[in-house]
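Worksheet: one structure, shown below.
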Amino acid sequence: MKTHNNHPYHLVDPSPWPLTASIGSMTTTTGMVVWFHKNEMYILWIGLSILALTMLQWWRDIVRESTFQGKHTMKVVEGLKIGMILFIISEVFFFISFFWSFFHSSLAPTVEIGMIWPPKGIITFNPMEIPLLNTMILLCSGITITWAHHSLMMANHSQTTKSLFITVMLGVYFTILQGYEYMESSFCISDSIYGSSFFMATGFHGFHVIVGTTFIAVCLFRHMKYHFSSKHHLGFEAAAWYWHFVDVVWLFLYISIYWWGS
């Protein structure tokens, strides 16, 4: 077996996880169609289970390669950072499409919705209630993730653990409050363009919060296993960048949809 390379790059070993991820994604998509049309969720649960098991084992392999096998050289880390930055840029444009749709509909309301915004019959959320609380929660989580980053760079293990735990709890709290807000909503996703724009934008943001919370929870677990050092903690940095992106998107959502749009 070859143990030395004349280059700093990581040539990954053959892996089954891209194939199982594709199978899980297709099964999940098929399951959603069956759920929507027949109200049966067993195929959806099978697809989600395949995806969950794939993610768990794929992440395990990446952690093993980076932490224990030393495959993530400085050159590899540089490439991974660029990849994460490009991924976040793609996510920015993903949300730009939702804001484009919202402002296109709200700045020039059509006759079909009564030429007013919000459309007639839509009772919007009070931006000074749960939306404002969720804004404060995410702003506080931005502070705690920055606290964790500085503590990690100072090699302060206990402070990093505490701040990461608080960040995860704030992310869970945000998700619970948004779920409660959805249950209390007087309109649904099929109630005119307002309902569609509102639930697509805030729903996808909520999904990103769940992904980010999971990302940070994995970082918390890895930190408690002493996988990170003050100089080498790319997994945490990527999670922090992603979380700050989620924070900024929420600020735009709150100002445009909850406050101005209501």
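Start at 1 with the first residue, then count along the sequence.
- Thr175 OG1 to Ile137 CD1: the interatomic distance, rounded to the nearest 0.5 Å, is 9.5 Å.
- Taking all atoms of both residues into account, the shortest heavy-atom contact from Arg222 to Gly235 is NH1-CA, 4.4 Å.
- Under the 3.5 Å distance criterion, the side-chain polar atoms of Ser163 are left unmatched by any main-chain donor or acceptor of Ile145.
- Annotation: Phe125 is in aromatic contact with Phe187 [ring centroid separation under 6.0 Å].
- Phe228 and Phe221 fall into different hydrophobic clusters, where Ile, Leu, Val, Met, Phe, Trp and Tyr side chains are chained together by heavy-atom contacts under 4.5 Å.
- When all heavy atoms of Tyr254 and Pro127 are compared, the closest pair comes out as OH-O, 2.8 Å.
- Other members of the hydrophobic cluster containing Met55, listed by chain and number, are Trp59, Val218; membership follows side-chain contacts under 4.5 Å among ILVMFWY residues, whether direct or relayed.
- Here the straight-line distance linking atom CG of Leu234 with atom CE of Met74 works out to 10.0 Å at 0.5 Å rounding.
- A ring-centre distance under 6.0 Å is found for His149 and His233.
- Looking at Thr73, its side chain does come within 3.5 Å of a backbone N or O of Pro8 through a donor-acceptor pair.
- Taking each heavy atom of Ala201 and Leu253 in turn, the nearest pair found is CB-CD2, 3.7 Å.
- Counting only N and O atoms by type, the side chains of Tyr194 and Ser105 include no donor and acceptor under 3.5 Å apart.
- Within a 6.0 Å sphere centred on CZ of Phe165, other residues, nucleotides and ligands contribute 12 heavy atoms or fewer.
- In this structure, CD on Glu40 lies 15.0 Å from CH2 on Trp45, to the nearest 0.5 angstrom.
- At a threshold of 4.5 Å between non-hydrogen side-chain atoms, the residues Ile113 and Ile193 count as touching.
- Taking the six-membered ring where the residue is Trp, His227 and Phe68 present perpendicular rings, their angle passing 60° and hence far from 30°.
- Distance check: Ile50 CD1 to Met26 CE gives 11.5 Å after rounding to the nearest 0.5 Å.
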Verdict with reasoning, Asn156 to Ser158, per side-chain hydrogen bond (donor to acceptor under 3.5 Å, both in side chains): CA-CA 6 Å; Asn156 191 328; Ser158 63; 3.3 Å; yes
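- A 4.5 Å side-chain heavy-atom check between Thr202 and Glu181 finds every atom pair outside the cut-off.
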List the steps and the verdict of side-chain contact (heavy atoms from CB on, under 4.5 Å) for Gln57 and Trp17. CA-CA 8 Å; Gln57 293 169 102; Trp17 311 132; 3.3 Å; yes
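- Between Leu44 and Val34, every side-chain heavy-atom pair lies at or beyond the 4.5 Å cut-off.
- A centroid separation of 6.0 Å or more is found between the aromatic rings of Trp241 and Phe236.
- Classification of the Tyr258-Trp250 ring pair by plane angle, with boundaries at 30° and 60°, yields tilted.
- With contacts defined as side-chain heavy-atom distances shorter than 4.5 Å, the pair Thr160/Trp147 does not qualify.
- Nearest heavy-atom pair, Gly206 versus Gln178, reported as atom, atom and distance to 0.1 Å: CA-OE1, 3.3 Å.
- Here the CG atom belonging to Leu170 is positioned 11.0 Å from the CZ atom belonging to Phe174, to the nearest 0.5 angstrom.
- Met183 and Phe199 fall within the same hydrophobic cluster, defined by Ile, Leu, Val, Met, Phe, Trp and Tyr side-chain heavy atoms under 4.5 Å apart, directly or through other members.
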Could you go step by step and tell me if Glu184 and Ile130 meet the side-chain contact (heavy atoms from CB on, under 4.5 Å) rule? CA-CA 11 Å; Glu184 293 294 307; Ile130 290 180; over 6 Å; no
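- Side-chain contact between Val77 and Lys81 is present, with heavy atoms from C-beta onward closer than 4.5 Å.
- No donor-acceptor pair closer than 3.5 Å links the side chain of Ser185 to the backbone N or O of Tyr182.
- Other residues, nucleotides and ligands contribute only 12 or fewer heavy atoms inside 6.0 Å of the CE atom of Met136.
- The minimum heavy-atom distance linking Thr124 with Pro118 is given by the pair CG2-CG, 3.5 Å.
- Under the 4.5 Å side-chain criterion, counting only non-hydrogen atoms from C-beta, Met115 is not in contact with Thr110.
- Between His205 and Phe95, the angle of the ring planes goes over 60°, which puts this pair in the perpendicular group of the 30/60° scheme.
- Ring geometry for His208 versus Tyr242: interplanar angle under 30°, hence parallel rather than tilted (30 to 60°).
- Taking hydrophobic clusters as Ile, Leu, Val, Met, Phe, Trp and Tyr residues chained together by side-chain heavy-atom distances below 4.5 Å, Ile143 does not share a cluster with Leu132.
- Following chains of ILVMFWY side-chain contacts shorter than 4.5 Å, one cannot reach Val209 starting from Leu251, and the two form parts of different hydrophobic clusters.
- Scanning both residues, His232 and His72, for their nearest heavy atoms gives CE1-O, 3.5 Å.
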Let me see the working for Gln159 and Lys162 under side-chain contact (heavy atoms from CB on, under 4.5 Å), right down to the final yes or no. CA-CA 5 Å; Gln159 290 285 313; Lys162 292 173 187 175; 4.2 Å; yes
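- Heavy-atom neighbours of Ile116 CD1 from other residues, nucleotides or ligands within 6.0 Å: above the threshold of 12.
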Could you walk me through whether Phe215 and Trp243 pass the ring-ring contact (aromatic ring centres under 6.0 Å, His included) check? CA-CA 9 Å; Phe215 203 170; Trp243 196 251; 9.9 Å; no
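- Counting heavy atoms from C-beta outward, Ile96 and Phe252 have side chains that stay 4.5 Å or more apart.
- Put simply, the residue from Thr146, Thr213, Thr144 that forms a side-chain hydrogen bond (donor to acceptor under 3.5 Å, both in side chains) with Thr167 is Thr144.
- Following chains of ILVMFWY side-chain contacts shorter than 4.5 Å, one can reach Met169 starting from Leu138, so the two form part of one hydrophobic cluster.
- From Asp191, atom CG reaches atom OG of Ser196 across 8.5 Å, with rounding to the nearest 0.5 Å.
- Heavy-atom contacts from other residues, nucleotides or ligands closer than 6.0 Å to CE of Met224 number 12 or fewer.
- Aromatic rings of Trp260 and Phe103 (six-membered ring for Trp) have centroids within the 6.0 Å cut-off, being under it.
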Residues Ser197, Ile257; criterion side-chain contact (heavy atoms from CB on, under 4.5 Å); working and verdict: CA-CA 9 Å; Ser197 298; Ile257 295 180; 5.8 Å; no
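- The shortest side-chain heavy-atom distance between Trp117 and Phe102 falls under the 4.5 Å cut-off.
- Tyr226 places no side-chain N or O within donor-acceptor distance of the main-chain N or O of His157, the cut-off being under 3.5 Å.
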